[in-house]
Visitor: 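Structure incoming, see below.
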Protein chains: 2
Amino acid sequence: MHERTYNADDCIDNPKSVFTVLTPKEKEFLKQNYTCAFYKKGEIIFKEGDKPLGLMILAEGKVKIFKEGVGGREQIVRMAKPVGFIGYRALFAEENHTATAVAIEDCVSCIVDKDSVFRVMRSNADLSMSVIQSFASELGFSHDRTVTLTQKHIRGRLAESLIFLKDTYGYEDDGLTIKIYLSREDVANLSNMTTSNAIRTLSTFAQEGVISIDGRKIRILDLPKLERISELG
Amino acid sequence: MHERTYNADDCIDNPKSVFTVLTPKEKEFLKQNYTCAFYKKGEIIFKEGDKPLGLMILAEGKVKIFKEGVGGREQIVRMAKPVGFIGYRALFAEENHTATAVAIEDCVSCIVDKDSVFRVMRSNADLSMSVIQSFASELGFSHDRTVTLTQKHIRGRLAESLIFLKDTYGYEDDGLTIKIYLSREDVANLSNMTTSNAIRTLSTFAQEGVISIDGRKIRILDLPKLERISELG
DNA sequence: ATCTTATTATGCTGAATAACACACAAAAAT
DNA sequence: ATTTTTGTGTGTTATTCAGCATAATAAGAT
């Protein structure tokens with residue numbers, strides 16, 4: 001982890017963040033209580049068991065959050081993008097982290113210290129309500145994933161993961177390429193399958209003309225068909 | 001659903017509920033804004049797609065909350081007990097319900113209307129913070145379950161479910177019998193397996209002396225062994 | 001009381017998918 | 001540049017578990 005000059009004010013002022021409900025004064029207060037850190041691709045941002053130090057805002061880069069299961073097998077539970085929070089579940093649950101966060105690309109993350117976050121939340125009910133709404137949505141998403149990962153077949157699980165990645169990160173300028181470049185192993189860990197089966201099923205999708213593959217670059221050629229595969233299970 | 005005279009003041013005054021952080025005045029306000037309903041065993045309390053009307057407090061009885069997956073297959077995502085909330089995820093996410101709640105026993109549920117709940121939450125930061133903490137814990141639990149249900153083998157999943165039921169509902173006076181009586185189908189839907197396999201695996205556990213079965217009454221005879229089965233996967 | 005339906009129990013078969021083995025390509029380290 | 005490591009692709013085998021059938025029992029309905 002390297003220190004670097006980075007301006008997190010952008011995060012706090014970002015119109016897409018939950019901070020829009022804050023008063024200028026409250027924003028100012030937060031801006032005086034954060035530090036920034038730079039993480040190289042592949043670096044661990046926090047590990048299962050670590051104590052959360054504050055509210056981490058992902059300012060740049062992409063992050064995977066996963067849990068270690070049976071025999072060290074990874075299950076990705078969340079994919080974070082800028083501008084978004086990471087590690088906030090443990091912070092608000094007053095627990096140590098129960099998952100590990102790893103940078104998928106070079107990342108910049110800003111930490112607002114815990115006391116400052118809590119103070120602003122107590123002073124601004126709108127912020128609390130936004131956080132509650134975020135948690136409630138995230139919990140719904142988690143329940144959905146549980147059902148998908150346990151009930152759908154490999155093809156359905158992979159199709160849903162690809163759609164999820166597209167919805168989360170969007171397309172490149174070509175309007176086809178999913179704007180994230182994951183290893184086959186990560187795709188597998190997101191979709192609850194072995195790496196071999198992720199590779200095989202991606203190839204099959206490509207043969208069927210649903211997607212095209214160029215290394216880690218995945219282009220969705222036939223979204224309706226991909227959605228049908230996802231629905232069918 | 002039958003109306004019945006029931007005193008929900010007990011719920012709001014219950015020392016185990018999140019309402020302990022409220023002032024007497026706020027409690028009084030909530031007590032003036034709730035209605036109670038009675039549900040017979042097997043009755044639906046709310047269904048996937050329904051609009052949440054308020055914050056439901058389960059005052060008496062036990063409730064299963066499940067989602068319908070591929071081919072109508074149920075996945076139980078939560079088991080509620082008194083005094084606890086039900087249907088609060090959708091309420092706070094400002095969505096329709098994404099799961100169905102069914103009474104496992106005769107139940108009494110009190111509904112505090114949405115506006116009143118939100119008003120008190122805006123006036124009392126402690127309450128909001130408690131709700132946030134609850135959501136954060138629940139989300140952690142959901143992530144745990146996802147990993148368990150996808151990665152552990154049948155025996156591990158069933159063992160974990162039995163431990164979960166014991167932790168949630170406790171023992172009968174004998175200190176052995178799990179204080180909930182589920183059908184084999186519900187046990188299966190909690191553990192992501194077919195009814196046949198739930199029956200089979202329960203029998204195996206009984207043969208091995210880990211539990212004993214008497215109809216729907218399950219007694220845990222060897223908790224350490226059950227925990228070991230759960231850990232191993 | 002008796003009929004009907006739901007639940008529990010058990011065996012058999014087949015499909016889905018994990019596990020393993022190996023080859024090859026690409027990237028990183030020396 | 002060359003060695004080592006990491007990632008990708010493909011075939012084969014083994015295992016787990018779902019699906020189905022059938023019977024016995026228990027619970028509800030008429």
Visitor: May I ask you to decide if the ring planes of His97(A) and Phe46(A) are parallel, tilted or perpendicular, using 30° and 60° as cut-offs?
Guide: parallel

Visitor: For the side chain of Ser196(A), starting at C-beta, report the closest nucleotide among dG11(C), dT8(C), dT10(D).
Guide: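 Within the option list, the nearest is dT10(D).
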
Visitor: Among dA18(C), dC17(D), dC20(C), find the nucleotide with the atom closest to the side chain of Asn197(B).
Guide: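 Selected nucleotide: dC17(D).
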
Visitor: dA23(D) C1' sits how many Å from Arg200(B) CZ, rounded?
Guide: 14 Å

Visitor: If you check the Thr194(A) side chain, which of dT17(C), dG19(D), dA19(C) turns out closest?
Guide: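 Given the options dT17(C), dG19(D), dA19(C), the side chain of Thr194(A) is closest to dA19(C).
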
Visitor: Give the rounded distance in Å between these two atoms: CD of Gln207(B) and C1' of dT10(C).
Guide: 11 Å

Visitor: Using a cut-off of strictly less than 4.0 Å, decide whether Ser203(A) has a side-chain nitrogen or oxygen near OP1 or OP2 of dT10(D).
Guide: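 True: Ser203(A) side-chain N/O within range (under 4.0 Å) of dT10(D) OP1/OP2.
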
Visitor: With a 4.0 Å cutoff (strictly under), does any side-chain N or O of Arg157(B) reach OP1 or OP2 of dC17(D)?
Guide: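 Looking at the OP1 and OP2 atoms of dC17(D), one of them is under 4.0 Å from a side-chain N or O of Arg157(B).
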
Visitor: Which nucleotide sits closest to the side chain of Arg216(B): dT10(C), dT8(C), dG9(D)?
Guide: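 The answer is dT8(C).
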
Visitor: Want to settle it: does Asn192(A) or Gly215(B) sit nearer the 5' end of DNA chain C, counting the closest nucleotide to each?
Guide: Gly215(B)

Visitor: Measuring centre to centre across the rings, with the benzene-like ring taken for any Trp, is Tyr88(B) within less than 6.0 Å of Phe135(B)?
Guide: yes

Visitor: From NZ of Lys41(B) over to C1' of dT7(C), roughly how many Å is that when rounded to an integer?
Guide: 12 Å

Visitor: Among side-chain atoms of Thr195(A) and Glu185(A), is any donor-acceptor pair under 3.5 angstrom?
Guide: no

Visitor: Side chain of Ile199(A) only, heavy atoms from C-beta on: which candidate in dG9(D), dT12(D), dC20(D) is closest?
Guide: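 So the nucleotide nearest the side chain must be dG9(D).
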
Visitor: Tell me: NZ of Lys217(B) to P of dA26(D), nearest whole Å?
Guide: 15 Å

Visitor: How close or far is atom C1' of dC17(D) from atom NZ of Lys152(B), stated in whole angstroms?
Guide: 18 Å

Visitor: Between Glu185(B) and His153(B), name the one whose nearest nucleotide on DNA chain C is closer to the 5' end.
Guide: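 That would be Glu185(B).
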
Visitor: Roughly, in whole Å, what's the span from CD1 in Ile213(B) to P in dT8(C)?
Guide: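 Computing the Ile213(B):CD1 to dT8(C):P distance gives 11 Å.
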
Visitor: Indicate whether the side chain of Lys152(A) and that of Ser230(A) have a donor and an acceptor atom separated by less than 3.5 Å.
Guide: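 The answer is yes; a qualifying pair exists.
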
Visitor: What about Tyr169(B) and Phe164(B), are their ring centers closer than 6.0 Å?
Guide: no

Visitor: When the nearest nucleotide of DNA chain D is assigned to Arg73(B) and to Arg184(A) on a heavy-atom basis, which residue is associated with the more 5' position?
Guide: Arg184(A)

Visitor: Grab the CZ-P distance between Arg155(A) and dA15(C) for me, whole Å please.
Guide: 17 Å

Visitor: Whole-Å distance between dT8(D) P and Asn189(A) CG?
Guide: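 Distance check: Asn189(A) CG to dT8(D) P gives 12 Å.
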
